[in-house]
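One structure is given below, encoded as structure tokens.
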Amino acid sequence: MPRNQTIPEVRLAQEEIRRLNVGTLLRHVHLGGSVSRTALAERMRLNRSTIMALTAELTAAGLVREELPADTGRAGRPSLVVRPESDRVYVLAFDVAVDRLVAARVTLGGVMLDRREAVRPRAGADLDRVVEVLARFGRRLHRAAPPASVCVGVGASYCGMIRPGDGMVRFGPDMGWVDQAFGSELGRRLGLGLPVSVGNEAHLGALAEQQRGAGVGFQNLIYLHGDVGVGGGIIVGGKLLDGDGGYGCELGHMVVNPYNGRPCGCGSHGCLEAEVGERALLDAARRPAELSGRDAVRAVVDDAERGDPVAQDALRHVGDWLGIGVANLINLFNPGIVIFGGMLREMYPGAAPQVRARIAANVLPVARERVRLHTSALGDDATLVGAAELGFSELLANPLDVLTRTAPPGARR
């Protein structure tokens with residue numbers, strides 16, 4: 001027994017370690033899809049008997065299952081493979097973008113089993129409509145789930161600055177949201193007795209790409225998400241850089257053109273999103289002011305690919321400003337990879353020469369020699385995937401207690 005510790009204190013410490021290990025093992029399986037006992041022992045630096053005991057607990061709870069590998073190719077007894085159990089638990093995930101509302105039921109392993117989507121009109125501060133649509137989707141998804149399955153969390157992505165803890169949207173300039181109680185209202189209207197965890201869309205997109213997309217294996221990355229404006233997420237040493245109040249990484253409001261810059265929705269001029277966002281591209285391509293949205297952006301990209309010189313010049317123009325922003329970010333954070341998501345995923349191929357030229361001209365040689373530039377591997381679902389992972393966060397931290405707390409009496413094991 002450690003000096004100055006009583007037997008109850010030692011047991012409490014051992015229980016805390018066991019709880020931590022159970023959650024860590026489930027996270028490995030959740031993100032890896034299927035992992036052998038041997039690999040789990042190596043990753044967690046635990047002996048195989050401990051891994052077997054932890055896996056037994058999760059199997060008894062219905063969260064994982066063990067199987068023989070399909071083909072080992074080796075002599076001797078193969079190590080069992082641990083897989084996530086898709087029928088036991090799920091989360092509801094919501095994504096609120098400027099032009100669309102998405103809801104999905106997502107199971108362990110990150111598999112989207114069912115989803116709903118609706119157009120979001122650009123109608124200003126529309127909290128009531130957004131909550132009404134998402135709550136209706138969420139209730140339908142919940143009713144469609146297998147009777148024995150359990151909803152263990154709800155996560156939502158919103159295109160604005162989110163107050164940590166209660167899901168209050170402090171500022172969403174694109175739709176005029178200021179201090180809108182999104183998280184609490186959605187939770188109340190869903191009626192599931194679960195809190196709604198809300199995150200900034202680009203922050204969640206960065207985490208999703210690191211865990212399941214183009215950023216897997218990178219501990220330092222930058223994710224740029226284009227919608228009407230530009231959001232950002234920065235991961236340093238494997239952790240999201242969120243700032244003192246949770247409002248960090250507003251990369252779209254980094255000023256890149258202070259003297260002759262375009263007006264920005266935040267009230268400033270020359271912000272990155274003002275120079276490379278949707279309106280900047282459409283104006284540079286000489287599109288009518290009434291055109292907007294992802295289809296209008298795609299039309300410019302398609303025209304540029306077909307050789308339209310005006311569309312090509314528009315992509316080069318915004319690409320140069322994008323390159324200035326990316327060059328600054330690389331010099332500041334020395335990321336291993338920069339990922340372009342949302343609208344920028346479609347714009348980037350046509351703007352890549354300008355971005356690379358700015359990096360070559362403006363980034364310190366030692367910082368640019370290894371950095372990679374990549375479009376989002378998760379596509380338009382990056383922020384929705386991030387919302388799902390937010391919904392799973394409590395279960396992955398404390399699987400057995402959360403399952404006991406959320407399961408109805410007839411479904412408890």
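In what follows, every heavy atom counts, from backbone to side chain, and hydrogens, waters and symmetry copies are set aside. Start at 1 with the first residue, then count along the sequence.
With hydrogens and angles disregarded, no donor-acceptor distance shorter than 3.5 Å links the side chain of Arg189 to the backbone of Asp128. At distances below 3.5 Å, not a single donor-acceptor pair connects side-chain atoms of Glu117 with backbone N or O atoms of Val102. Judged purely by atom type and a 3.5 angstrom limit, Thr59 uses its side chain to pair as donor or acceptor with the backbone of Thr55. The backbone N or O of Gly248 lies less than 3.5 Å from a partner atom in the side chain of His203, making a donor-acceptor pair. No donor-acceptor distance shorter than 3.5 angstrom exists from the side chain of Arg37 to the backbone of Val82, with no hydrogens or angles considered. Listed for the Asn220 side chain is a donor-acceptor partner under 3.5 Å among the backbone atoms of Gly237.
Classification of Arg298 and Asp302 as a salt-bridged pair fails, no side-chain N sitting under 4.0 Å from a carboxylate O. A salt bridge links Asp95 with Arg100; the closest basic N to acidic carboxylate O contact falls under 4.0 Å. Ion pair Glu278/Arg122 flagged as a salt bridge, since at least one NZ, NE, NH1 or NH2 atom sits closer than 4.0 Å to an Asp/Glu carboxylate oxygen. The existence of a salt bridge linking Arg120 and Asp126 is confirmed by a sub-4.0 Å separation between a basic side-chain nitrogen and an acidic carboxylate oxygen.
The closest side-chain donor-acceptor pair between Tyr90 and His142 falls under 3.5 angstrom.
Asp179 is listed as a side-chain neighbour of Met168, based on a closest heavy-atom distance under 4.5 Å. Side-chain contact between Leu127 and Val169 is absent, with no heavy atoms from C-beta onward closer than 4.5 Å.
Ring geometry for Tyr223 against His225 counts as tilted: the plane angle lies between 30° and 60°, on a 0 to 90° scale. Ring orientation note: the planes of Tyr158 and Phe182 are tilted relative to one another, at an angle of 30° to 60°.
When the salt bridge (charged side-chain N to carboxylate O under 4.0 Å, His left out) test is applied to Arg129, no partner is found at least two apart in sequence or on another chain.
Annotation: Arg286, atom CZ; neighbour count of heavy atoms from other residues, nucleotides and ligands within 6.0 Å does not exceed 12.
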